[in-house]
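A short write-up of the structure that comes next.
Protein chains get the first letters and strands the later ones, always in sequence-line order, with residue 1 at the start of each.
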Protein chains: 2
Amino acid sequence: MTSEDERLALDNQLCFALYAVNRAVTARYRPLLAELNLTYPQYLVMLVLWEADQEGRTVRVSDLGKRLRLDSGTLTPLLKRLAERGLVTRQRDTSDERVVTVAPTGQGNAMRSKAMEIPERLLCGTGIDQERIVALREELRSVLSLLEALGEPSGR
Amino acid sequence: MTSEDERLALDNQLCFALYAVNRAVTARYRPLLAELNLTYPQYLVMLVLWEADQEGRTVRVSDLGKRLRLDSGTLTPLLKRLAERGLVTRQRDTSDERVVTVAPTGQGNAMRSKAMEIPERLLCGTGIDQERIVALREELRSVLSLLEALGEPSGR
DNA sequence: TCCTATTATATTGTGCACAATTTGTTTTAC
DNA sequence: GTAAAACAAATTGTGCACAATATAATAGGA
């Protein structure tokens, strides 16, 4: 294999490593989240809502979008499903009718205590040490802010 | 915020960092892949097919599945779309009718030279140095093999 | 041999992601 | 005050992921 070929080898692509690990990690979450009847993106939304609720902040659909990097095309149907199950409320803001405010219900907040067990149950028995996780997480966060500072990806 | 709360804070989740970076990286690929009219998963499939083609190996649907960690529910329709566009062929194996062999067509292989430019165009102007990428990639690959060695994720 | 288990792919259905467009509201400029 | 621009969310449509099931072929065992 020439060095030209190496460049396109699957195992040399950072993007594939990210793609594969992301899905493998999500797969570890799946059975735990199934106990709460949540999908992984629904879980992320609940994390944001719980966090804001603790701090007395209200959350708009656009806030969820900024935080999770998702648009209304993803969030609107997802929030509808959570609302149907009585986990969140969606309310048009009376002072600005364009805005929809999302908040966890009592039932939604009750779920938080069960969710609290998830992080440790995930690691439990994996033999991955905490320091390594923190280091990887911080490196990823650093890469994320770097990527987001680049602005819109272009075809150039 | 108590340490209890910290545990579920979005920014403390490795899973979210992975999720966000994965999508940010894929977004950087998108305009480049759009020039080839490929989606990101289609690009990964083509990488595997090109690699095998260079080495004279044939590739079955199940081989793609093992390599990319995808099942037939994802691959079958994806491969149909690539085949419709004349980039790959899908052929039932005559000696074992259960098997479908996938191979790049001439047109599919012609695309490879354009794809070759993608890795460097991606990095170009991002100011991310190669060493850092390699280090992150290797750490991710190591985590992946660790996760995959754990076996099926369970609800325990 | 026949019968069962296994294997390989395909199909069906749900829920994201994401682009593009739409609807309705508010802001701004004039 | 009105028209144009900007904004927020919803809608529509495509293409993954993934679970569950179906279909069909092969392999193995009695």
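Taken residue by residue, residues 78-87 of chain B places heavy atoms nearer than 4.0 Å to DNA chain D at B:Leu78, B:Arg81. Taking every heavy atom of residues 94-101 of chain A and every atom of DNA chain D, pairs under 4.0 Å involve A:Arg98, A:Val99, A:Val100, by number. For the segment residues 59-68 of chain B, residues with any heavy atom less than 4.0 angstrom from an atom of DNA chain C are, sorted by number, B:Arg60, B:Val61, B:Ser62.
Close to D:dC16, at under 4.0 Å from its OP1 or OP2, lies a side-chain N or O of B:Gln42. OP1 or OP2 of D:dC18 has at least one side-chain nitrogen or oxygen of A:Arg30 nearer than 4.0 Å.
In this structure, the CG atom of B:Asp71 is 17 Å from the P atom of C:dT14, given to the nearest Å. Whole-Å rounding puts the B:Asp93 CG to D:dA25 C1' distance at 12 Å. Across the protein-nucleic acid pair, B:Leu70 atom CG and D:dA19 atom P stand 12 Å apart, rounded to whole Å.
Screening B:Tyr40, B:Tyr29, B:Tyr43, B:Tyr19 against A:Tyr19 for a ring pair (Phe, Tyr, Trp, His ring centres under 6.0 Å) leaves a single residue, B:Tyr40.
Checked for salt-bridge contact, A:Arg67 and A:Glu51 meet the test: a charged N lies under 4.0 Å from a carboxylate O. Here B:Glu84 does not pair with B:Arg81 in a salt bridge; the nearest charged N to carboxylate O distance is not below 4.0 Å.
Summarising the local packing, CD of A:Gln91 is surrounded by 12 or fewer heavy atoms from other residues, nucleotides or ligands at distances under 6.0 Å.
Toward the 5' end of DNA chain D, the nearer of the two residues A:Ala24 and A:Thr76, judged by each one's closest nucleotide, is A:Thr76.
Among the atoms of the strands shown, only primed sugar atoms or phosphate atoms (P, OP1, OP2) are found under 4.0 Å from some heavy atom of A:Thr39.
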